[in-house]
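The shown structure was predicted, so the numbers you read here are calculated from the model rather than taken from an experiment.
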Amino acid sequence: MKRNRILAIAAMLLLGIGQAYWPASAADDNKNEENKRSSWVEMPRSREGMQELMLYRKGYTASYNPDRKTPNWVAWRLTKGHTYGKVQRGQMEFSEDNDTPTPRVNTYDYMSSGYDRGHMCPAGDNKWDKEAMRQTFLMSNICPQRHNMNVGSWNDLELKCRDWARQYGEIYIVCGPIYYRGQQHRRIGRRKVWVPEAFFKVVLRTGDRPAALGFIYENDGKSQPMKQTVRSVDEIEKITGMDFFHNLKDEIEDKVEATARLKDWK
């Protein structure tokens with residue numbers, strides 16, 4: 001099995017832009033083979049020294065921080081086909097993630113906290129498969145978000161990403177919380193879940209005209225028009241200490257990560 005995975009990864013790396021993406025299941029022996037083949041993402045490099053537990057799901061991959069009780073980042077490939085489906089989120093419930101160490105976060109940690117259970121990989125990106133959507137409701141995919149942000153500006157960006165996936169056929173997304181250095185971070189619930197000061201999202205499209213965009217939304221409940229949240233990927237890398245889209249050819253990575261033009265995206 002290990003030898004087969006090495007050969008598969010080596011073959012992908014020879015294919016070039018848009019195809020050098022890692023299988024989201026490369027280290028997950030608990031998932032079946034169908035799940036292992038179904039989710040391919042461009043995974044970032046986490047900041048050196050960051051606590052992380054890798055979680056490989058059907059529709060996304062997450063780097064979970066057992067200390068903060070939130071993900072460091074969540075990454076997924078969103079295709080045009082994934083933006084459609086019959087699975088409804090009303091059938092789902094938030095639940096503990098048994099793949100994370102105890103004490104595990106549960107939905108009660110958020111009750112009466114003043115924060116929503118904010119999805120990183122959205123349920124709406126996973127209507128194509130019941131199990132994929134169910135896994136978005138695992139608490140390891142959730143962060144405390146102000147309600148106005150969760151249902152407002154953050155939701156608007158999620159909808160826009162689905163529009164882009166339909167327009168371009170597929171996009172690659174990484175998002176997660178931002179904890180500004182030097183600040184005393186608020187904690188909620190019995191498990192002391194860290195509350196982010198802000199959130200980032202980076203989006204990549206490949207193909208003939210590769211491009212990338214970054215966004216930063218402050219977790220303060222204030223209205224944040226999308227055009228005011230746009231940042232370059234380079235800027236978000238400096239803030240988070242992460243390395244996004246490093247599997248691209250250097251000249252392409254340098255170009256797309258340095259620019260931030262919302263007008264280049266239909």
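Counting only heavy atoms from C-beta outward, the side chains of Arg117 and Thr107 approach each other to under 4.5 Å. Residues Pro122 and Arg162 are in side-chain contact: their nearest non-hydrogen atoms beyond the backbone lie under 4.5 Å apart. Counting heavy atoms from C-beta on, the side chains of Met50 and Met242 come closer than 4.5 Å. Two residues are said to be in side-chain contact when any heavy atoms from C-beta on lie closer than 4.5 Å; Trp73 and Thr61 meet this criterion. Side chains of Leu157 and Tyr217 form a contact here, defined as non-hydrogen atoms less than 4.5 Å apart. Side-chain contact between His119 and Phe137 is present, with heavy atoms from C-beta onward closer than 4.5 Å. Contact of the Phe244 side chain with the Ile236 side chain is registered, since non-hydrogen atoms from C-beta on lie closer than 4.5 Å. Side-chain contact between Arg134 and Lys58 is absent, with no heavy-atom pair separated by less than 4.5 Å.
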Let's go through Leu248 and Leu204 carefully: what are the C-alpha distance in whole Å and the side-chain angles of both, what is the deciding distance for side-chain contact (heavy atoms from CB on, under 4.5 Å) to 0.1 Å, and is it a yes or a no? CA-CA 11 Å; Leu248 295 175; Leu204 169 72; 4.1 Å; yes
Take Tyr60 and Ile173, measure what side-chain contact (heavy atoms from CB on, under 4.5 Å) needs, and give me the verdict at the end. CA-CA 10 Å; Tyr60 65 89; Ile173 305 171; over 6 Å; no
Does the side-chain contact (heavy atoms from CB on, under 4.5 Å) test come out yes or no for Met120 and Gln145, once each step is laid out? CA-CA 10 Å; Met120 295 296 94; Gln145 285 187 332; 3.7 Å; yes
What's the verdict on side-chain contact (heavy atoms from CB on, under 4.5 Å) for Trp76 and His82, showing C-alpha distance, side-chain angles and the deciding distance? CA-CA 11 Å; Trp76 66 102; His82 284 175; over 6 Å; no
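For Tyr64, there are no ring pair (Phe, Tyr, Trp, His ring centres under 6.0 Å) partners at least two apart in sequence or on another chain. Every residue two or more places apart in sequence or in another chain that forms a ring pair (Phe, Tyr, Trp, His ring centres under 6.0 Å) with Tyr179 is listed here: His185, Trp194.
A distance of 8.5 Å separates OG1 in Thr100 from CG in Leu138, rounded to the nearest 0.5 Å. In this structure, the separation between CZ on Arg166 and OG1 on Thr83 is 3.5 Å, given to the nearest 0.5 Å. Distance check: Asn148 CG to Asn155 CG gives 12.5 Å after rounding to the nearest 0.5 Å. In this structure, CD in Glu170 is found 12.5 Å from NZ in Lys80, a value given to the nearest 0.5 Å. Considering CE of Met149 and CH2 of Trp154, their distance stands at 5.0 Å, rounded to 0.5 Å. Here CD of Glu131 is found 10.0 Å from OG1 of Thr136. Values are rounded to the nearest 0.5 Å.
With hydrogens and angles disregarded, no donor-acceptor distance shorter than 3.5 Å links the side chain of Asn65 to the backbone of Asn72. Formation of a donor-acceptor pair under 3.5 Å by the Gln224 side chain with backbone atoms of Thr229 is not found in this model. For the pair Arg181 (side chain) and Ile239 (backbone), a donor-acceptor distance under 3.5 Å is absent. Of the possible donor and acceptor atoms, one in the side chain of Asp109 sits under 3.5 Å from a partner among the backbone N and O of Asn106. Asp243 contributes no side-chain N or O that, together with a main-chain N or O of Arg45, makes up a donor-acceptor pair within less than 3.5 Å.
The number of heavy atoms from other shown groups lying within 6.0 Å of CD (Gln183) is above 12. More than 12 heavy atoms of other residues, nucleotides or ligands lie within 6.0 Å of CG in Asp67, so this atom counts as buried by the packing criterion.
Taking 4.0 Å as the cut-off between side-chain N and carboxylate O, Lys238 and Glu235 do not count as a salt-bridged pair. A salt bridge does not link Arg104 to Asp97: none of the charged side-chain nitrogens sits closer than 4.0 Å to a carboxylate oxygen.
Every pair passing ring pair (Phe, Tyr, Trp, His ring centres under 6.0 Å) that includes a residue from residues 247-266 is listed here, sequence neighbours excluded: Trp164-Trp265, Tyr168-Trp265.
Tyr115 and Val151 are assigned to two separate hydrophobic clusters, defined by single-linkage of ILVMFWY side chains at heavy-atom distances under 4.5 Å. By the criterion of side-chain heavy atoms lying less than 4.5 angstrom apart, applied directly or through intervening Ile, Leu, Val, Met, Phe, Trp or Tyr residues, Leu159 is not grouped with Val230; the two fall into different hydrophobic clusters. By the rule that hydrophobic residues join a cluster once side-chain heavy atoms approach within less than 4.5 Å of another member, Val203 and Met226 end up as members of one cluster. Hydrophobic clustering (ILVMFWY, side-chain heavy atoms < 4.5 Å, transitive): Tyr84 and Met92 are in distinct clusters.
Nearest heavy atoms, Thr70 versus Cys143: CB-SG, 3.8 Å. Shortest non-hydrogen contact noted between Arg57 and Ser140 is NH2-OG, 3.9 Å. Here the shortest heavy-atom pairing between Leu53 and Pro101 reads CD2-CD, 3.9 Å. The nearest pair of heavy atoms linking Val87 to Lys130 is CG2-N, 3.6 Å. Here the shortest heavy-atom pairing between Arg89 and Ala123 reads NH1-CB, 4.2 Å. Minimum interatomic distance between Pro196 and Pro144 (heavy atoms only, all atoms of both residues): CD-O, 3.6 Å.
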